[in-house]
Asks: 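The structure under discussion is supplied below as structure tokens; questions concerning it will follow.
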4 protein chains.
Amino acid sequence: MKQRAIADEDKQARRDSLLAAARSLYLEDTRQLPAVSRIAEAAGLAKGTVYLYFQTKEEIFTALLDQEFSALLDRLTEHFLTASGTPWERVNLFLEFYAKYLQEHPEFLRLAAMANSVLEQNLAQDHVYNFKLQLAQRLERTGNALESALSVLETGSGARLMVRTYALTLGLWQLLDYPDAMREVMMRPALRLLAPDFATELTSALKQFWRGVLADQ
Amino acid sequence: MKQRAIADEDKQARRDSLLAAARSLYLEDTRQLPAVSRIAEAAGLAKGTVYLYFQTKEEIFTALLDQEFSALLDRLTEHFLTASGTPWERVNLFLEFYAKYLQEHPEFLRLAAMANSVLEQNLAQDHVYNFKLQLAQRLERTGNALESALSVLETGSGARLMVRTYALTLGLWQLLDYPDAMREVMMRPALRLLAPDFATELTSALKQFWRGVLADQ
Amino acid sequence: MKQRAIADEDKQARRDSLLAAARSLYLEDTRQLPAVSRIAEAAGLAKGTVYLYFQTKEEIFTALLDQEFSALLDRLTEHFLTASGTPWERVNLFLEFYAKYLQEHPEFLRLAAMANSVLEQNLAQDHVYNFKLQLAQRLERTGNALESALSVLETGSGARLMVRTYALTLGLWQLLDYPDAMREVMMRPALRLLAPDFATELTSALKQFWRGVLADQ
Amino acid sequence: MKQRAIADEDKQARRDSLLAAARSLYLEDTRQLPAVSRIAEAAGLAKGTVYLYFQTKEEIFTALLDQEFSALLDRLTEHFLTASGTPWERVNLFLEFYAKYLQEHPEFLRLAAMANSVLEQNLAQDHVYNFKLQLAQRLERTGNALESALSVLETGSGARLMVRTYALTLGLWQLLDYPDAMREVMMRPALRLLAPDFATELTSALKQFWRGVLADQ
DNA sequence: AATGAATGAGCATTCATTCAT
DNA sequence: CATGAATGAATGCTCATTCAT
């Protein structure tokens, strides 16, 4: 890396390396946001430098969330553009694609699960607004693609279905996830209900939901 | 209140007054758990006394969550015992009852939403196990009642449906809830997708889900 | 010292030892207030303990100033009670006593000189009010004693004369004082005007002022 | 302003614009020196550029003080050159002129009051020496003019009288000044002693002092 | 049982100054 | 000359928990 990031692309690279460091440290221990000093250190920069790229520590993590949501929703939008078959077949393809994405990006939900706590903390209203605006716009776009893909949905309902699909995903994750250190305890038979295989459970739940959605139309 | 709680019932009263204080303070500002000193003060006790009744601050809040889940699930179980009509009618009655409960207990979801952050923090494995065990058992019980009530469900699937129903509820809440201070910002049309009326949205989503569930059988 | 200060007198002792530590560290280097951690350490206490006795760091130093002003003004009040001779003789005795006090308490002005910067910083209005109220009341008391001692002053003018006397003292100190490290530089003849012997200069200036005061009556 | 200040006069212009920015920002809030970045920004320059014109931040403010003292003392010197009447009449004219100057330049004392804290901080000995030297020389010059004007003063006592006059002024200012936010509190009757009208109090005090001075001769 | 005094780890943020460009 | 990216020292305060009384 250059000593000083002067060109815009170099600045973006610096910013990205901070985000990468933050992500990696957070995933090491999701119980709390890593200290800014550790993020800086991991990125090979000084603590003060972090504040040249982000206003507050929390902004780092909303930027991270933004990346995550963007990546997922863009992929889903692309996916919808190439869908074919009967509506139910297309839904199945979508859910498979979605589940596969989550499986291949196991960090997605671990990061997404922090959204609520972060968004309530130390962030200017405007910043939260912008974050939510981005998310809403991406959901609308993906929702539109979904409507086109399925053709049987009411106009305007696509985005709402995306919200509900994601809500079910997030809720299940929060209920079923547990720290690594609890693995042994969670294996006890009495907790079977709260520790099934997440991917299986998610797919099954989403299929039920979407069956209901299609039945609705 | 007595000076010293010697009898078991006096102890329980002390414990309850601490829980009530903690609940009330937390609901004043859900951005973070209130300080132990404030809880003690609100309960009219000394700081050290709190630790005679709870091992850590987090235990206070898991106890609170326990109360909440217990109250909700017991009510649902009761409800199922008196259900009648076709399965779909019974589901509708259940969802109405459920939505009404949440509306009449607006603190439920605000408290429930902290479960994840609290359960990951500063609690002995055993304690978490016991908390989850309680929850699982209550869900099983309610799930069984649900199975009886609907009669069309596969044996053993009731509890899982309760989990999914609650997951969808929790996920929607997390996505759609926002601090009071953000109210104005959330009203802007561009955020309409992320700020619908929660009760309406929840009911609609759950109906879709349950339509799918019944179609599955 | 006891391990825990439970009795009021033990608490007062703790408080005093913190004040003593703060005073001593400040006098070591008057360029800035010492860090709270250093004060605690010097007093043999933990950092957090400081905050059991003072709300903010600045409060420590207003308490110190309070002690200083109290000591000086009480001594002056006492002094006035025993004055005798013609008014001008009594003024001379007073000024000698005052100058001697300042000479014997070389830390007084070094501490007093920080008043302004401290009072503007991080203190609740109420706290500043109370500090100023104390000071005003002590000045009134001393002013009254002064009026009695001189007998030629207009009623009510004593306190104002104390204020002006102290103002001249403080102003001279600020103009003429310099850090130890500057001693050599300050000896250069070109700076003679700004580096006379402080006590001599002060006495001379105050005599002029008081000659004018008596001439006024 | 030119892009680059190459000619000396352009450099001086840059320097002056920095001083103007610093003055204006400091007067906005006298509780602390403004940040260098803000000064640079207000002057329309980059942060680093500041350090081409001043070695340290404190130098900016000593330069400002230099300007202030220079302006005041030059005006006083001029004034003395045109004095007429009896000595006491001339003193009265001088004090009126002085008080009027301070009233018309309300920023003077707010700036002057920072001298002590700034001069103790982060400045090379040489720099402090030069600053004090300037001040001493100006005081001597003004003192000489004063001696000529009054004709009854001992040779060499003029500058000392200027020092004492300024000391009384500064001391009173420090005792009686308070931040705007304290205005309401300072109006309470119990603080009347510490919050009289400054100009009135100053004039009265200086008249007493100068009456003593003339009586001395 | 109850108290509350004592502890001390933990951390975001600011900002004067430097120096590569 | 001018810029502005990078640095990193410096610190007040909170608060869960302990334990002497």
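In the text below, chain A, chain B and the rest are named by the order of the sequence lines, each starting its count at 1. Atom set for the values below is all heavy atoms of this structure, side chains included, hydrogens, waters and symmetry mates excluded.
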Asks: Considering only side-chain heavy atoms of C:Ala46, which listed nucleotide, E:dT21, E:dA12, E:dT7, is closest?
Replies: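 Nearest to the side chain of C:Ala46 among the choices is E:dT7.
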
Asks: Base, sugar-phosphate alone, or nothing: which one does B:Ile6 contact when heavy atoms must sit under 4.0 Å apart?
Replies: nothing

Asks: Measuring to OP1 and OP2 of E:dT3, would you say a side-chain N or O of B:Arg4 lies under 4.0 angstrom away?
Replies: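 The answer is no; no side-chain N or O of B:Arg4 sits under 4.0 Å from OP1 or OP2.
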
Asks: Please confirm whether any donor atom in the side chain of D:Lys57 sits under 3.5 Å from an acceptor in the base of E:dT17, or the reverse.
Replies: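 For D:Lys57, whose side chain was compared with the base of E:dT17, there is no donor-acceptor pair (under 3.5 Å).
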
Asks: Please determine whether a side-chain nitrogen or oxygen atom of D:Arg14 lies at a distance below 4.0 Å from atom OP1 or OP2 of F:dC1.
Replies: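 So the side-chain polar atoms of D:Arg14 never come under 4.0 Å of the phosphate oxygens OP1 or OP2 of F:dC1.
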
Asks: Which of these nucleotides, E:dT17, F:dC1, E:dG4, is closest to any side-chain atom of D:Lys11?
Replies: F:dC1

Asks: For the side chain of D:Val36, starting at C-beta, report the closest nucleotide among E:dA12, E:dA16, F:dA16.
Replies: E:dA16

Asks: Is any side-chain N or O of D:Ser37 closer than 4.0 Å to OP1 or OP2 of E:dC15?
Replies: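 So the side-chain polar atoms of D:Ser37 never come under 4.0 Å of the phosphate oxygens OP1 or OP2 of E:dC15.
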
Asks: OP1 or OP2 of F:dC15 less than 4.0 angstrom from a side-chain nitrogen or oxygen of B:Arg38, does that happen here?
Replies: no

Asks: Taking the nucleotide of DNA chain E with the nearest heavy atom to each, does A:Lys47 or B:Thr49 sit closer to the 5' end?
Replies: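 This one resolves to B:Thr49.
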
Asks: Taking the side chain as every heavy atom from C-beta outward, state whether D:Leu18 and D:Ile60 have any atom pair closer than 4.5 Å.
Replies: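 They are not in contact (no side-chain heavy atoms under 4.5 Å apart), so the answer is no.
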
Asks: Do D:Lys57 side-chain atoms and D:Pro34 backbone N/O form a donor-acceptor pair below 3.5 Å?
Replies: yes

Asks: Rounded to whole Å, please give me the gap between CD in A:Glu59 and C1' in E:dT13.
Replies: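 From A:Glu59 CD to E:dT13 C1': 13 Å.
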
Asks: Reckon B:Tyr53 touches a base, only the sugar-phosphate, or nothing at all at heavy-atom distances under 4.0 Å?
Replies: sugar-phosphate

Asks: Checking contacts here: which listed nucleotide (E:dA6, E:dA2, F:dG12) is nearest the side-chain heavy atoms of B:Ala5?
Replies: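 Looking only at side-chain atoms, B:Ala5 lies closest to E:dA2.
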
Asks: Could you let me know what E:dG8 is paired to, Watson-Crick or G-U wobble, both distances under 3.5 Å, or none if it's on its own?
Replies: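 By the stated definition (distances under 3.5 Å), F:dC15 pairs with E:dG8.
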
Asks: Could you give the OH-to-C1' distance, from C:Tyr51 to F:dC15, as a whole number of Å?
Replies: 13 Å

